[in-house]
Amino acid sequence: MSQLFFRVGALVSALAVGAVALFSLNLMAGARVVKEPFKGSCAPVSGIAGPEDMQIDAHSRRVFIASYDRQSSEAKERGGVFVFSIDDPLADGAWRDRTGGAPASFEPVGLSLYDDGAVRRLFVANAAARSVELYDVEPNGDLRYLETFSERRLTSPSDIVAVGPRAFYVTNDLDPGRDSLLGAAQYLFRAASGRVMLFDGVAWRVAAEGLRFASGIATSLDGKRVYVTETAGAALKVYDRDIGVGNLTLASSIPLAAAADNINIDPTGTLWIGAQPKTLFSPARKGSKAGSIVFGYDDLGDLPSRPRAIFTDSGEKIAGATVAARLGRALLIGSPAEKKFQLCEVS
């Protein structure tokens with residue numbers, strides 16, 4: 001029996017080592033980025049645990065922040081959605097969860113704000129319930145729970161983008177669990193089953209598949225393109241979108257030099273992507289000081305364009321960034337591994 005365990009252990013270790021090597025080579029092969037010196041200054045903002053995703057409301061200059069304390073000693077502590085004012089952090093008094101406690105099982109991992117001038121709603125990818133939650137946004141930033149969307153194929157929602165009052169795309173990363181050697185190997189060798197799923201307001205369907213760990217997702221300002229980060233593939237996938245029926249057609253794959261995560265698009269149309277350089281294990285669970293990268297990318301259609309590494313950090317300021325969001329001169333960077341986020345002023 002001990003000999004069997006030894007052989008199994010050796011096999012798992014070999015797979016994990018090979019996975020790490022392939023992952024590093026993949027990242028190096030995709031390192032076609034422009035590295036820019038960071039032109040700005042950052043200050044930590046403490047008080048919100050595990051700020052994994054952020055969504056800026058440009059009109060009110062407020063930021064919705066998905067929070068879940070993965071390092072808490074409480075076994076099943078509930079997450080929340082907080083609101084941060086860019087111009088006056090204390091404008092709304094003490095920070096508090098805006099969801100009103102609904103639903104009870106809540107681990108927010110992705111946010112998307114929908115505003116058509118008449119309806120203002122926040123969509124939340126909820127990992128705890130394997131669902132999508134929908135809220136009305138009140139004038140003061142509070143969230144009034146409306147309904148829950150779930151589907152048997154939605155096994156591990158990662159991020160979401162709204163395309164209507166009750167319509168959205170959601171990435172389904174099918175995470176096998178990276179906190180073990182076997183899970184790490186599976187993460188790389190079996191993660192090509194990642195999907196983008198569409199709920200069109202009536203029915204669910206698969207909009208894209210074959211992704212190596214589908215993570216962040218966003219739409220262009222005109223809604224004609226959908227962007228998806230492929231974390232294990234170290235790439236940004238660009239899809240043409242049929243606005244009428246929602247179908248996605250792969251237009252291009254942009255190599256990145258890091259494991260990219262959530263995507264935000266600023267009012268100018270620039271993509272902002274939070275990423276982690278050459279990381280394999282989850283920093284939120286392992287306590288590692290993984291580095292952070294923030295990419296900016298301008299989709300110029302048929303014209304060549306490279307991602308720009310605008311912010312890099314070894315983990316001193318922020319470890320394992322998963323989100324970056326910019327409005328004007330304000331750039332916010334968050335991570336599920338931290339109990340703070342960085343508020344930067346950029347030139």
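In this structure a side-chain-to-backbone donor-acceptor pair under 3.5 Å is present from Asn172 to Arg153. The backbone N or O of Ala49 sits less than 3.5 Å from a side-chain atom of Ser67, completing a donor-acceptor pair. Checking side-chain atoms of Arg130 against main-chain N and O of Ser156 turns up no donor-acceptor pair under 3.5 Å. With Asn262 contributing its side chain and Gly110 its backbone, the two residues share no donor-acceptor pair below 3.5 Å. The closest donor-acceptor contact from the side chain of Asp57 to the backbone of Arg62 lies at 3.5 Å or more, if one exists at all. In terms of modelled atom types and a separation under 3.5 Å, the side chain of Glu36 and the main chain of Arg308 share no donor-acceptor contact. Under the 3.5 Å distance criterion, the side-chain polar atoms of Gln342 are matched with a main-chain donor or acceptor of Lys317. Using modelled atom types, one side-chain atom of Thr322 and one backbone atom of Glu52 make a donor-acceptor pair closer than 3.5 Å. Of the possible polar contacts, one joining the Glu230 side chain to the Arg212 backbone as a donor-acceptor pair under 3.5 Å is found. Ser112 places a side-chain N or O within 3.5 Å of a backbone atom of Ala162 that can act as its donor or acceptor partner.
By the 4.5 Å heavy-atom criterion applied to side chains, Pro103 and Asn126 are counted as neighbours. Inter-residue side-chain proximity for Ile333 and Cys344 is flagged as met; some heavy-atom pair is nearer than 4.5 Å.
Of the candidates Leu211, Ile254, Ile263, Ile263 is the only one forming a side-chain contact (heavy atoms from CB on, under 4.5 Å) with Thr229. Considering Lys224, Arg306, Arg225 in turn, Arg225 is the only one that fulfils the salt bridge (charged side-chain N to carboxylate O under 4.0 Å, His left out) rule with Asp299. Residue Ile160 is tested with Phe199, Phe168, Phe149 for a side-chain contact (heavy atoms from CB on, under 4.5 Å); the sole match is Phe168.
Nearest heavy atoms, Glu133 versus Tyr145: OE1-CE1, 3.7 Å. Shown here for Ile217 and Val196, the closest heavy-atom pair between the two residues is CD1-CG1, 3.8 Å. Among all heavy-atom pairs drawn from Gly216 and Asp159, the shortest one is CA-OD2, 3.4 Å.
Ion pairing between Arg98 and Glu138 fails under the 4.0 Å rule for side-chain N and carboxylate O. A salt bridge links Arg329 and Glu345; the closest N-O separation between the charged side-chain nitrogens and carboxylate oxygens is under 4.0 Å. Using a 4.0 Å cut-off between charged side-chain N and carboxylate O, Asp222 and Arg241 make no salt bridge.
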Derivation of the side-chain contact (heavy atoms from CB on, under 4.5 Å) call for Asn264 and Asp53: CA-CA 9 Å; Asn264 275 289; Asp53 196 16; 4.3 Å; yes
Stepwise ring-ring contact (aromatic ring centres under 6.0 Å, His included) test for Phe341 and Phe84: CA-CA 11 Å; Phe341 60 89; Phe84 175 79; 5.2 Å; yes
Step-by-step side-chain hydrogen bond (donor to acceptor under 3.5 Å, both in side chains) determination, Asp240 to Thr249: CA-CA 5 Å; Asp240 289 326; Thr249 303; over 6 Å; no
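With hydrogens and angles left out, the side-chain atoms of Arg78 and Thr99 include a donor and acceptor closer than 3.5 Å. Side-chain contact check for Ser292 and Asp313: no donor-acceptor pair (N or O, by modelled atom type) lies under 3.5 Å.
Residues that satisfy the side-chain hydrogen bond (donor to acceptor under 3.5 Å, both in side chains) test with Thr268, not counting sequence neighbours, are Asp266, Thr270. Evaluation of the side-chain hydrogen bond (donor to acceptor under 3.5 Å, both in side chains) rule for Asp136 yields Arg121, Arg144 as partners, not counting sequence neighbours.
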